[in-house]
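Only a predicted model underlies this, so the values are computations on that prediction, with no experimental measurement involved. Residues: numbered from 1 along the sequence shown. Both backbone and side-chain heavy atoms feed into the values below; hydrogens, waters and symmetry mates do not.
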Amino acid sequence: MKKHLLFALLGSFLMMAASCGTARRAGKDLLITVASPGIILYGAGTDGAADAANIQKGFESGDATQVVFFPFTFTYRLFDHTISCALHALDFVATPFYGLAELNPNGPKIEPLQIYQGTFFDEQPEKGDAETGEGR
């Protein structure tokens with residue numbers, strides 16, 4: 001029960017701090033790392049199939065070309081997505097250092113890695129005008 005409460009609090013913290021670049025980056029890193037088995041297999045399958053189709057189109061050959069090249073493209077993409085997910089896991093370990101860098105007013109603007117895109121951590125929080133309430 002304590003584990004579930006801790007994860008719920010951590011998730012709540014990450015959602016509340018979504019405007020903080022470090023929290024958004026850590027949240028995305030954690031999401032990709034936890035979901036990595038599915039991401040690796042799904043990415044390898046879809047990208048490998050697309051690569052095999054592109055090879056077929058490049059050779060201007062029949063469907064058998066896709067069948068022959070798919071094991072090679074799948075293996076390459078399996079390696080590619082494994083490395084990409086591992087980079088997110090390594091980046092999550094560096095989160096405290098990103099937080100320290102972001103505390104400095106002249107420090108860098110911390111953003112989530114763009115290896116995988118389309119997560120809710122990638123969306124920029126909308127900044128508005130405090131006086132008029134309108135977005136910029």
CG-CG distance between D47 and N54, expressed to the nearest 0.5 angstrom: 10.5 Å
Co-members of I39 in a cluster of I, L, V, M, F, W and Y side chains, linked at under 4.5 Å: I32, F79, I83, L87, L113, I115, Y116
Check ion pair R24-E111 (N to O, under 4.0 angstrom): yes
Distance in Å, E102 CD paired with T22 OG1, rounded so as to fall on 0.5 Å steps: 3.5 Å
Non-hydrogen atoms of P71 and T75 that approach each other most closely: O-OG1, 2.7 Å
Pairs flagged by salt bridge (Lys or Arg N to Asp or Glu O under 4.0 Å) wherever residues 31-45 is involved - sequence neighbours left out: none
Sequence-distant partners of S84, side chain to side chain donor-acceptor pair (under 3.5 Å), two or more places apart: none
Whichever hydrophobic residues join L100 through chains of side-chain contacts under 4.5 Å: L103
Y98: partners by ring-ring contact (aromatic ring centres under 6.0 Å, His included), with sequence neighbours left out: none
Salt bridge (Lys or Arg N to Asp or Glu O under 4.0 Å) contacts in which one or both residues fall within residues 26-39, not counting sequence neighbours: K28-D122
Members sharing V67's hydrophobic cluster (side chains within less than 4.5 Å): none
Gap separating the NE2 atom of H81 from the OG atom of S36, nearest 0.5 angstrom: 12.5 Å
F70: hydrophobic cluster co-members (side-chain, 4.5 Å): I40, L41, F74, L78
Sequence-distant partners of S61, side chain to side chain donor-acceptor pair (under 3.5 Å), two or more places apart: T65
Those residues that, when tested against P105, pass side-chain contact (heavy atoms from CB on, under 4.5 Å) (two or more places apart): none
Which residues share a ring-ring contact (aromatic ring centres under 6.0 Å, His included) with F59, sequence neighbours left out: F69
Salt bridge (Lys or Arg N to Asp or Glu O under 4.0 Å): pairs with one or both residues in residues 48-76, sequence neighbours excluded: D51-R77
